[in-house]
Amino acid sequence: MLLRAPGGRSGETFASPDPKLNLYPRFTAHVADALAALVTQGDLPTGLDTRAVAVEPPRDASHGDLATNAAMVLAKAAGMRPRDIAVMLALKLNHLDEVAEAEVAGPGFLNLRLHGDVWRAEIAAIAAAGGDYGRSVLGAGKSINVEYVSANPTGPMHMGHCRGAVVGDALASTLEYAGFAVTREYYINDAGGQVDTLARSAHLRYREALGETIEIPEGFYPGDYLVPVGQALAAEFGDVMLGKPEAEWLAIFRTRTVALMMERIRADLKLLGIEQDVFFSEASLGSRVQEALDTLAAKGLIYEGVLEAPKGEAAEDWEPRPQTLFRASQFGDDSDRALKKSDGSWTYFAGDVAYHWDKLTRGYSALVDMFGADHGGYVKRMTAAVRALSGDTVPLDIKIVQMVKLLRAGEPVKMSKRSGNFVTLADVVEEVGKDVVRFIMLTKRADSQLDFDFAKVVEQSRDNPVFYVQYAHARIASLKRKAAEAGIVLPAPDYALLDDVDLALVKTAALWPRIVEQAAEAREPHRIAFYLGDLAGAFHTQWNLGNDDARRRFVLADDPALTAARLALADAVGQVLRNGLAVMGVEAAEELH
RNA sequence: GCGCCCGUAGCUCAGUUGGAUAGAGCGCGGGACUUCUAAUCCUGAGGUCGCAGGUUCGAAUCCUGCCGGGCGCACCA
């Protein structure tokens, strides 16, 4: 093992499994190699299950740069004491050029302290990879379908839809960045009673557009947004649909109105930077429904029967009815579920089963659905259906997105769906901007409730994570300008000039590839927002050191060499911030106003 | 009544899929700075991770049962 002074230079190149690997996978490979060597030497038994071996940053930075639990995980199967294994492992890893010190600690952790040059090399790696730094091959190109938004086409997007839209889209981007082939999909509920009501409401507006005075009865969609739809219909059909019976215009108006509403919804989504690949129409399912039922029937999962009355209070008007049922209870659901109503027509669930059957036939290796919290009760039956249809080969992961509470300076914003007065997505984006909306929607776990306060989200303060992260990026962007203003001619950066304090910042930046994989595996894009907050915090801390000690500033007029190195460091942080923001679908600000 | 989600510092929330002394921001206590690298900074206090058992080297994390909050509970979409 070579010892070097902190901050010292090393002319050596590192021996490693693959220098192109990111830090954590590289050391995971180092540990695996070391374990394999111990097995070869006969110090460890063969056939150990090493899947639980992890290489992670220790929670406490004083424990070093990396830690592995290998000894503790393997102790039982090896029939050895954890610390004994750890010591052997330490001897192996100490031989690596990248390792300054390997130390056994606690119950059997092996802590590794790395040479500063490892972190210096990471700055170069970030610069070289640029926008691809953190991109992962975790997904191995496997295809995955993410369905999100899927708002009913009966009105414009409002804030209730917004969170699912942002989280779904960011999740799709995260998965893409982690190496999956992602299809972004929207399911249009354009069949059933709601769209008939929509068509009738549009017909009223059509009559209105032709000069009639109308009154909107209870149960119709009252919103103003149908006024332009009525005008468009009037322009298209003139007065030919005026006196005719409903049967002659309903289907036509339904199709036209849904198309117009979907145009609007897509425009609203575009305001958020969301453009989905597939818009799948429920009305287009056609023979798929019967096909899905036949598929289930072939597995003996369909029967005619009568469901038990639900327990509890909601059973007033219940009466036993024979229906076509799916044996969902065989797949973890609480009850079997109806596919056909007692009158023989399909249930909504049947359509959804058919839709998921269609997705399965398209060959995805995994499906993800984003559901609103009010559809939580639907999760079990849907996963049951996909398990049954796919024979447990294609997992369906349903993510629940909780409601957003809209506030204005602490006061709840009143919304009434009945009157048609609700805060639309377009209104909010116009008021605070796409980036703020997207970022804030990702500042909490999807399954916990979120407050969205119009006043707070645009506040320029430490409390506001959007501002805090953007400000860090803007500060970094300002460094080049400052250096130019100071008339500094920058040489090529020499990372050897950076000391341990500088390198602390790289350590945080180097976590990014891990965060991507963790967020993708957990399917929790909010982790990216939290990480960017941490990284921004680390940068601000560094920046603030310059207040007390001018030598710690990034731009030093009398030291072009150190300035060049510090700017390269700042650039690395800026690059990671940009990469993270890009995954979130948020622009990285060059300057703030 | 049943199912799902949640319960972590005074408040708002994280918590690396079972790891070391449980973290951050706000708020609170103490201090710094009279400046433009202050659209503040440093520092301190603050916790029975809802409660009680269990699983194991090790639990906020997994299992069971309670307590408390949210959502949903044939044929609607």
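When reading the values below, keep in mind they use all heavy atoms of this one structure, side chains included, and skip hydrogens, waters and symmetry mates. Keep in mind that this is a model prediction, so the values were computed, not measured. By convention in this document, chain letters (A, B, ...) are assigned in the order of the sequence lines, proteins followed by strands, and residues within each chain are numbered from 1.
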Interatomic distance at [atom1], [N] relative to [M], whole Å:
N      : M      : atom1 : answer
B/rU64 : B/rC2  : P     : 15 Å
B/rA9  : B/rG29 : C1'   : 15 Å
B/rA74 : B/rU56 : C1'   : 45 Å
B/rU16 : B/rA59 : C1'   : 16 Å
B/rC49 : B/rC4  : C1'   : 22 Å
B/rG47 : B/rC41 : C1'   : 27 Å
B/rU55 : B/rU61 : P     : 15 Å
B/rG69 : B/rA32 : P     : 48 Å

Between [Y] and [X], is the closest basic N to carboxylate O distance under 4.0 Å?
X      : Y      : result
A/D333 : A/R327 : no
A/R552 : A/D502 : yes
A/D49  : A/R51  : yes
A/R381 : A/D334 : no
A/D84  : A/R81  : yes

A/N544 atom CG is separated from B/rU43 atom P, nearest whole Å, by 11 Å

Side chains of [X] and [Y], donor plus acceptor under 3.5 Å:
X      : Y      : result
A/Y355 : A/E185 : yes
A/T154 : A/N152 : no
A/H540 : A/R462 : no

*Please work out if A/A522 contacts a base, only the sugar-phosphate, or nothing of the nucleic acid, heavy-atom cut-off 4.0 Å.*
base

task = Check the geometry between A/H375 and B/rG72 and answer yes if their rings are stacked (centres below 5.5 Å, planes below 30°), otherwise no.
result = no

Next item on the list: Decide, applying a 5.5 Å centre-distance limit and a 30° plane-angle limit (both strict), whether A/F109 stacks on B/rG19.
Entry: no

Whom does [N] pair with, Watson-Crick or G-U wobble, provided both distances fall under 3.5 Å?
N      : result
B/rC26 : B/rG10
B/rG3  : B/rC71
B/rU17 : none
B/rC41 : B/rG31

Taking B/rG15, B/rA77, B/rA20 as options, the one with an atom nearest any side-chain atom of A/A105 is B/rA20

Nearest heavy-atom approach of A/Q402 to A/R163 is O-NH1, 3.2 Å

Enumerate all atom pairs, one protein N or O and one N or O from nucleotides 62-69 of chain B, separated by less than 3.5 Å.
none

Output yes when at least one side-chain N/O atom of A/H526 is less than 4.0 Å from OP1 or OP2 of B/rG15, else no. yes

Protein-nucleotides 56-61 of chain B N/O pairs closer than 3.5 Å?
| residue | atom | partner | partner atom | Å |
| --- | --- | --- | --- | --- |
| B/rC57 | OP1 | A/K76 | NZ | 3.4 |

Only residue of A/L175, A/L442, A/V166 satisfying side-chain contact (heavy atoms from CB on, under 4.5 Å) with A/P525 is A/L442

Syn within 90° of 0, anti beyond: B/rU17 is syn

Result for 5'-nearest mapping on RNA chain B, choosing between A/R337 and A/Q449, is A/Q449

